[in-house]
Amino acid sequence: MAKRVQVVLQEDIRKLGIAGDLVEVAPGYARNYLFPRGLAVRTTPGVLKQVERRREEIRQRLEQIRQDAESMKTALETIGMFVIKKPVGEDDAIFGTVTSGDVADAIQEATQKEVDRRDISVPDINKLGEYRVTIKLHAEVTAVINIRVAAD
């Protein structure tokens, strides 16, 4: 009797793999659990070709997302300076602080593209002036933009 059999997962299974993965499991586990529930299929040359094609499509899609992030980084850094207006008190101190939401709104106003405010890292800004803000556009792509806090 075979010690291990190769199967292709149809769904994500915790501690085993994600859909499309080629994994080796015990024959009884495959026969009694995975196959009856439709969680995996036997490995055949046709199934292996489908898995490879699916992996290539996913790789291309992820590459396209990374390229879109690179182009967004170029667009943001080309603009140069984003202006955020805030009410001002004495000694050029602003009321409140500049938040990542303020930066996201300024970017959307200037570029007509949305940036998730959770991906924006803003230093503590309490006075008028120019500051550098970091935006994580993708796991591998980070843009650094300049903002100017001006009187409203």
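- Summarising the geometry, atom CZ belonging to R55 is positioned 13.0 Å from atom CD belonging to Q50; distances are rounded to the nearest 0.5 Å.
- Applying the side-chain hydrogen bond (donor to acceptor under 3.5 Å, both in side chains) criterion to D12, with sequence neighbours excluded, gives no partner residue.
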Go through the steps for K113 and Q108 under the test side-chain contact (heavy atoms from CB on, under 4.5 Å), then give the verdict.
CA-CA 5 Å; K113 294 183 181 180; Q108 183 166 5; over 6 Å; no
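- Here L9 contributes atom CG and I18 contributes atom CD1; the two are 9.0 Å apart, rounded to the nearest 0.5 Å.
- Using a cut-off of 4.0 Å between Lys/Arg side-chain N and Asp/Glu carboxylate O, R53 and E56 are scored as not salt-bridged.
- The shortest side-chain heavy-atom distance between L34 and V7 falls under the 4.5 Å cut-off.
- Interatomic distance, CD1 of I13 versus OH of Y33, reported as 6.5 Å (0.5 Å rounding).
- Placement of V41 and V23 in two distinct hydrophobic clusters is found when ILVMFWY residues are connected by side-chain heavy-atom separations under 4.5 Å, directly or transitively.
- The environment of CD in E109 is sparse: at most 12 heavy-atom neighbours from other residues, nucleotides or ligands sit within 6.0 Å.
- In this structure, the side-chain hydrogen bond (donor to acceptor under 3.5 Å, both in side chains) partners of R118, at least two apart in sequence or on a different chain, are D116.
- Across A110 and F82, no two heavy atoms sit closer than the pair CB-CE2, 3.6 Å.
- Checking side-chain atoms of D21 against main-chain N and O of G17 turns up no donor-acceptor pair under 3.5 Å.
- Residue pairs meeting the side-chain hydrogen bond (donor to acceptor under 3.5 Å, both in side chains) criterion with at least one partner in residues 68-83, sequence neighbours excluded, are Q64-D68.
- The side-chain hydrogen bond (donor to acceptor under 3.5 Å, both in side chains) search around N146 returns R132, not counting sequence neighbours.
- Closest approach of P27 to K3, counting heavy atoms only: CD-O, 3.4 Å.
- Taking both residues in full, the closest heavy atoms of A151 and L128 are given as N-CD2, 3.7 Å, listed atom of the first, atom of the second, then distance.
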Going through the distances and angles, do I58 and L62 end up as a side-chain contact (heavy atoms from CB on, under 4.5 Å)?
CA-CA 6 Å; I58 290 170; L62 293 175; 4.0 Å; yes
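- Legend: side-chain hydrogen bond (donor to acceptor under 3.5 Å, both in side chains) pairs involving residues 80-107, not counting sequence neighbours, sorted by first then second residue: K86-D102, T99-D102.
- For the salt bridge (Lys or Arg N to Asp or Glu O under 4.0 Å) condition, the pairs that include at least one residue of residues 134-152, sequence neighbours left out, are R66-E140, E130-R148.
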